[in-house]
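Structure first, commentary second.
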Amino acid sequence: MLDLSSLNSRQREAVVHAGGPLVVFAGAGSGKTRVITFRVAHLIAAHGVAPWRILAVTFTNKAAAEMRERLLGLLGEEGAAIQVGTFHATCARLLRRHGEPIGLSKDFTIYDDQDQLALLKRVLRDLRLDEKRYQPKAMAARINYAKQEMQGPEDLETTDSWSEVVRRIYQAYEERLYQANALDFGDLIYRTVRALDSSPSFRDAVVGRFSHVLVDEFQDTNHAQFRLVRLLSEGHRNLCVVGDDDQSIYRWRGADRRNILDFRASFPDAKLFKLEQNYRSTQRILRAANAVIARNVDREPKELWTENEEGDAILVVRTMDERDEARLVLRGVRELLSRGQRLSDVAVFYRTHAQSRVIEEALRSANIGYRIVGGMRFYDRAEVKDLLAYLRVMTNPADDMSLLRIINTPARGIGKTTIVRLLDSAALQGRGLSDILDDHEVLAQLGNAARKRLAAFGRLLCDLRDLASSGLPLGDIGAELVRRSGYGEMLQQDDTPEADARLQNVQELVASMDELAREHPDASLSEFLENVTLQTSADEQTEGDRVTLMTVHAAKGLEFPIVMVTGLEERVFPFKGIDPWEDPDELEEERRLAYVAFTRAEQRLILSLAGVRRIFGQQRVGVPSRFLTELPGEDVEWIGTIPPSLAGASGIERRVPEPAESYVDYSESDLDDMEGLRRGMQVRHPKFGVGEVREVAQGSPPRVSVRFPGWGTRKIIASYLEPA
DNA sequence: TCCGAATTAATTTTT
DNA sequence: TTAATTCGGA
């Protein structure tokens with residue numbers, strides 16, 4: 001029997017609750033994954049549900065892997081039969097297995113964002129449309145959104161000629177995808193839902209397969225995903241969704257918090273549980289996070305609490321500029337090291353990637369190891385993508401985008417002109433490239449040399465396709481491909497400094513094929529490719545004792561003993577572009593982001609802001625983030641000047657740093673520096689334009705005398721100025 | 001066919 | 001500021 005004694009009473013209730021719809025609001029660090037895994041285990045152990053009839057869906061491969069592992073731990077061998085996977089992987093599996101009746105071949109290729117963009121550019125070219133007017137990125141966003149909303153081209157509203165064209169683009173894009181025997185990410189969900197909706201044979205094959213469906217991070221589902229989940233639990237209605245509306249930070253990707261907030265509108269009889277006991281953070285950290293998130297209006301009310309110790313105050317440090325802030329991080333890390341913490345205990349968060357550079361530089365110059373989460377993915381490197389394109393063409397002859405990628409890589413004298421002619425013929429006849437490649441009429445239009453080279457390329461493709469179906473182990477196929485395609489040789493000839501690393505990446509790719517073959521001897525090439533496409537940087541493992549640097553988004557789901565959040569300034573965090581806020585929902589999402597950041601910390605939370613920050617080459621005065629003003633004063637310790645906008649805030653007191661404990665040496669800096677303003681500096685005011693600073697006056701708020709040509713000398717509150 | 005100048009745009013990115 | 005992409009000339 002499953003031992004539930006390690007669960008608290010709330011968790012236990014959610015675990016043992018019998019069938020029917022169930023929604024669990026699981027606050028940060030409240031043991032969400034434990035509840036899901038125990039619930040699955042309990043269904044099997046206590047209710048006798050067959051493992052293979054349980055479907056657990058997550059958003060990331062990492063989360064899926066973790067869940068699988070825990071289930072194996074709880075259930076042993078039996079756990080292996082449970083269907084655990086991401087939304088996309090789950091749909092891909094269903095479509096591969098049962099897609100034939102709806103016109104899908106088993107060997108379809110999955111196009112990632114880059115492939116999608118390339119395909120759209122080709123569509124625009126075929127339709128002779130201007131890329132300025134119909135930007136490929138915008139078109140991709142529109143199409144992805146449509147698919148999230150379960151809209152096909154025919155469902156797009158066309159109010160003017162522009163939207164009319166957009167619809168045509170969407171239509172042509174779909175045709176091209178079909179021709180290439182490919183699906184994009186959005187399709188995986190969209191097509192599955194459509195098939196469930198409209199194809200009785202598909203529905204019969206899929207529904208009834210599962211008797212229980214569980215969804216993790218439900219607050220991040222979009223419309224199509226919710227539809228999918230509903231369809232999959234039609235009949236049995238054993239749908240358990242777990243999530244936290246306060247941690248929903250992907251609205252801009254189509255996530256709809258209403259899915260969890262209004263779950264009971266769809267399932268009126270759903271049982272609701274809230275997990276509010278936190279096992280991660282100190283009381284002070286939790287109070288701070290609670291205080292901030294409580295400002296959001298649109299949320300399910302809840303308050304995290306903990307039995308953990310009170311803990312240290314939250315440190316807020318104001319530095320001069322972003323370089324000074326980076327030095328603060330460095331000092332912080334060093335100080336923690338000297339207190340016996342490990343580098344891997346520390347995480348540094350920022351709102352945007354652009355902020356990482358200075359911090360990296362500071363750490364690098366001090367020889368402190370760090371790793372950046374969410375940088376370039378292994379599978380995004382050009383050489384890896386090239387080889388993957390070969391593999392795709394081998395399994396899916398219709399994959400035009402991949403074919404275009406490799407047709408002249410390595411260089412085999414097939415130039416732009418030839419390719420353009422091929423593309424034009426293909427567009428004209430509405431056929432795919434590989435189709436055109438051995439068409440005599442098309443070839444007749446080309447020069448002699450081009451024809452010969454294309455023929456040679458065609459032979460290579462045949463050869464490689466034979467290789468793909470040779471039954472050789474995956475790793476051997478990879479190695480042979482590198483040899484026969486000439487790709488390996490190309491890299492060996494290359495004497496640029498990067499060539500070595502690229503060759504290494506190529507070997508690594510072959511090794512990963514080998515590894516899959518050893519783990520799953522019957523895995524096919526297309527399975528390998530699917531694995532790769534659905535893989536992300538977040539899945540790459542961590543190793544070594546290093547400081548972790550990442551965006552707040554990347555931090556969701558993680559925890560660290562010590563967390564430093566940088567850039568707590570208005571327009572940085574909360575982020576805001578040039579336009580004024582139009583949308584209060586956006587501010588609330590930024591606040592949720594802050595909540596996510598703060599609740600990652602177990603023991604210490606250190607927040608920093610810069611008096612002046614260089615953004616896009618322009619200096620900007622840093623106005624302290626409103627989120628700082630929302631912190632409970634008694635749990636916060638300020639180092640440095642209290643910014644004017646906070647001076648009146650309750651409970652905040654200035655603490656003059658004692659040298660021993662200060663992270664940044666303030667001895668040389670005075671108020672001028674703290675505000676980033678000096679006499680003689682050129683500053684810009686929204687109304688008066690550019691002027692020169694005459695005098696900087698202490699006080700709160702600090703005011704600055706500025707002489708503006710045409711306006712005279714004015715006293716201005718410092719935070720209204722930006723350096724010109 | 002390739003390299004360097006010019007141009008452009010600039011959050012976050014689970015798959 | 002910078003990085004990425006595009007374009008033009010050799």
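Remember, it's a predicted structure, so these values are computed and weren't measured experimentally. So you know, we letter chains A, B, ... as the sequences are listed, proteins then strands, and number each from 1.
At whole-Å resolution of the value, CD in A:Gln247 and C1' in B:dT12 are 16 Å apart. To the nearest angstrom, C1' of B:dT11 lies 8 Å from CH2 of A:Trp252. Between the CZ atom of A:Arg351 and the C1' atom of B:dA10 there is a distance of 13 Å, rounded to whole Å. Remark: P of B:dT13 and CD of A:Glu217 are 16 Å apart, rounded to the nearest angstrom. Rounding to whole angstrom units, CD1 of residue A:Ile189 and C1' of B:dT14 are separated by 11 Å. If you take CG of A:Asp112 and C1' of B:dT13, they are 13 Å apart, rounded to a whole angstrom. If you take NZ of A:Lys556 and P of B:dT14, they are 11 Å apart, rounded to a whole angstrom. Put simply, NE2 on A:His553 is 9 Å from P on B:dT12, counting in whole angstrom units.
When each of A:Glu590, A:Glu569, A:Glu570 is checked for a salt bridge (charged side-chain N to carboxylate O under 4.0 Å, His left out) with A:Arg351, only A:Glu590 meets the rule. Just one of A:Glu322, A:Gln619, A:Glu325 meets the side chain to side chain donor-acceptor pair (under 3.5 Å) condition when paired with A:Arg613; it is A:Glu325.
For a distance-only test at 3.5 Å, the side chain of A:Arg614 fails to qualify as a donor-acceptor partner of the base of C:dT1.
Cation-pi geometry between A:Arg453 and A:Phe457 is not met at under 6.0 angstrom from the ring centre and within 45 degrees of the axis. At least one test fails for A:Arg591 against the ring of A:Phe627: distance under 6.0 Å to the centre or angle within 45° of the axis.
Between the side chains of A:Tyr595 and A:Asn296, no donor-acceptor pair of N or O atoms lies under 3.5 Å. Side chains of A:Asn259 and A:Gln225: a donor-acceptor N/O pair is absent below 3.5 angstrom, by distance only.
Using the Watson-Crick or G-U wobble rule with both distances under 3.5 Å, C:dA3 pairs with B:dT8.
With B:dA9, B:dT11, B:dT13 as the candidates, the nucleotide lying closest to the side chain of A:Glu590 is B:dT11. Listed candidates were B:dT14, B:dT11, C:dA3. Nearest to the side chain of A:Arg357 is C:dA3. For A:His353, the listed nucleotide lying nearest its side chain is B:dT12; candidates were B:dT14, B:dT11, B:dT12.
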Query raised in the report: How does protein contact run along nucleotides 5-10 of chain C, one letter per nucleotide 5' to 3', with B for base contact, S for sugar-phosphate only, - for none, heavy atoms under 4.0 Å?
Result: -S----
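Using a cutoff of 4.0 Å between basic side-chain nitrogens and carboxylate oxygens, A:Glu586 and A:Arg251 are scored as salt-bridged. A salt bridge is defined here as a Lys NZ or Arg NE, NH1 or NH2 lying under 4.0 Å from an Asp or Glu carboxylate O, and A:Arg364 with A:Glu361 fails to meet this definition.
Toward the 5′ end of DNA chain B lies the nearest nucleotide of A:Gln135, the other residue of the pair A:Ala89 and A:Gln135 mapping further downstream.
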Using a cut-off of under 3.5 Å, enumerate the N/O to N/O pairs linking the protein to nucleotides 1-6 of chain B.
residue	atom	partner	partner atom	Å
B:dT1	OP1	A:Asn408	ND2	3.3

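The aromatic ring of A:Phe616 is not stacked on the base of C:dT1, since the criterion of ring centres less than 5.5 Å apart with planes inclined by under 30° is not met.
At a threshold of 4.5 Å between non-hydrogen side-chain atoms, the residues A:Leu104 and A:Leu183 count as touching. Contact annotation: the side chain of A:Val229 never approaches that of A:Val57 to less than 4.5 Å [non-hydrogen atoms, C-beta and beyond].
C:dA4 sits 15 Å from B:dT13 when the P atoms are compared, rounded to a whole Å.
Within the nucleic acid shown, A:Asp113 comes within 4.0 Å of at least one base atom, counting heavy atoms only.
Between A:Thr551 and B:dT13, a side-chain N or O to OP1/OP2 separation shorter than 4.0 Å is present.
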